[in-house]
> 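Before I ask anything, here is the structure I am working with.
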Amino acid sequence: DVKVTQSSRYLVKRTGEKVFLECVQDMDHENMFWYRQDPGLGLRLIYFSYDVKMKEKGDIPEGYSVSREKKERFSLILESASTNQTSMYLCASTPSGGGYTFGSGTRLTVV
Amino acid sequence: QKEVEQNSGPLSVPEGAIASLNCTYSDRGSQSFFWYRQYSGKSPELIMSIYSNGDKEDGRFTAQLNKASQYVSLLIRDSQPSDSATYLCAVRVNQAGTALIFGKGTTLSVSS
């Protein structure tokens, strides 16, 4: 089975901190994604990547950046964390055309 | 704006009944359709995918697709309390673009 690993299950950060969320997949998938999930708003796409060093903005990229230096790793960066970025962050990967496999998620609280 | 719509629920069914979950989508060019199950506090898990019109069965689950009506559904037969979860419908608009668009989910509650 494909495994998508997110490095932290829970994080608490202070406003203004730079935050790194890491995601690693072990099945050589080309495509990786970052979503956030909030009650009543569903899953919203932040950024995605279809190849190493390639990135595309999703629906809500403001305040975020990403890095994909290696095929298996896709990092989400909160440049200056704010309280409205408190959320569940979900990483996913897929080969072209298939469904996603999600990581277990990182619940981030910004205080 | 491409949209995927689901009734938020909760949908309540007794144990052993058939649960019917529905989803509509706005983009007629949509090609691939997925159902995910999400337990509270957990990440979504892929349970069904469907790519062509008609029915696709996998155990107690049946996905139904009608592209002319822009409608996809999930039937769960012999519902169990362990099926209680939020079910997310997801649509991929075309094969070249890989990002899925998700509905907000329907919460299913199966009572014993």
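None of the values given here were measured: they were computed from a predicted structure. Note on naming: letters A, B, ... go to the chains in the order of the sequence lines (proteins, then strands), and numbering restarts at 1 for each one.
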> Applying the 4.5 Å side-chain criterion to the ILVMFWY set and letting contacts propagate, would B:Val72 and B:Leu11 be lumped into a single cluster?
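In one cluster: yes.
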> Between A:Phe48 and B:Leu100, is any pair of side-chain heavy atoms under 4.5 Å apart?
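No, too far: nothing below the 4.5 Å cut-off.
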> Indicate if B:Val91 and B:Phe61 have the same hydrophobic cluster label, given that clusters are the connected sets of ILVMFWY residues with side-chain heavy-atom separations under 4.5 angstrom.
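Both belong to a single hydrophobic cluster.
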> Got a donor-acceptor contact below 3.5 angstrom from the B:Arg92 side chain to the A:Gly99 backbone?
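Judged by distance alone, no pair lies under 3.5 Å.
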> Identify whether B:Met48 and B:Ile101 are in the same connected component of the hydrophobic contact network (ILVMFWY, side-chain heavy atoms under 4.5 Å).
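Yes, B:Met48 connects to B:Ile101 through the hydrophobic network.
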> Side chain, backbone, both or neither: which part of B:Gln38 has a non-hydrogen atom closer than 4.5 Å to chain A?
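Side chain only.
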> Kindly check if the number of other-residue, nucleotide or ligand heavy atoms within 6.0 Å of CD1 (B:Ile18) is above 12?
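Check fails, neighbour count at 12 or below.
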> Mind checking the OH-CG spacing from B:Tyr36 to A:Leu43? Nearest 0.5 Å is all I need.
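Output value for this atom pair is 10.0 Å.
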> So for A:Gln37, is it side chain, backbone, both, or neither that comes closer than 4.5 Å to the heavy atoms of chain B?
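Answer is side chain: those atoms of A:Gln37 sit under 4.5 Å from chain B.
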> Treat each ILVMFWY residue as a node, draw an edge where side-chain heavy atoms are under 4.5 Å apart, and state whether A:Leu41 and A:Leu78 are in one component.
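No, A:Leu41 does not connect to A:Leu78 through the hydrophobic network.
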> Between B:Leu75 and B:Leu65, is there a shared hydrophobic cluster once you connect ILVMFWY residues whose side-chain heavy atoms come closer than 4.5 Å?
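No, B:Leu75 and B:Leu65 fall in different hydrophobic clusters.
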> If you compare all heavy atoms of A:Phe33 against all heavy atoms of B:Ala99, which two are closest, and at what distance to 0.1 Å?
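Looking at all heavy atoms of both residues, the closest pair is CE2-CA, 3.7 Å.
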> Only heavy atoms, only distances under 4.5 angstrom. Which residues in residues 103-111 of chain A are near chain B?
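Expected list: A:Gly103, A:Ser104.
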> Could you tell me how the ring of B:Phe102 sits relative to the ring of A:Tyr100: parallel (under 30°), tilted (30 to 60°) or perpendicular (over 60°)?
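Rings of B:Phe102 and A:Tyr100: tilted, as their planes differ by 30° to 60°.
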> Distance-only criterion, 3.5 Å: show the donor-acceptor pairs between side-chain atoms of residues 103-112 of chain B and protein atoms not counting sequence neighbours.
from, atom 1, to, atom 2, distance (Å)
B:Lys104, NZ, A:Gly40, O, 3.4
B:Thr106, OG1, B:Asn7, O, 2.3
B:Thr107, OG1, B:Thr86, OG1, 3.3

> Is it true that atom CZ of A:Arg9 has more than 12 heavy atoms of other residues, nucleotides or ligands lying nearer than 6.0 Å?
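More than 12 heavy atoms, drawn from other residues, nucleotides or ligands, come within 6.0 Å of this atom.
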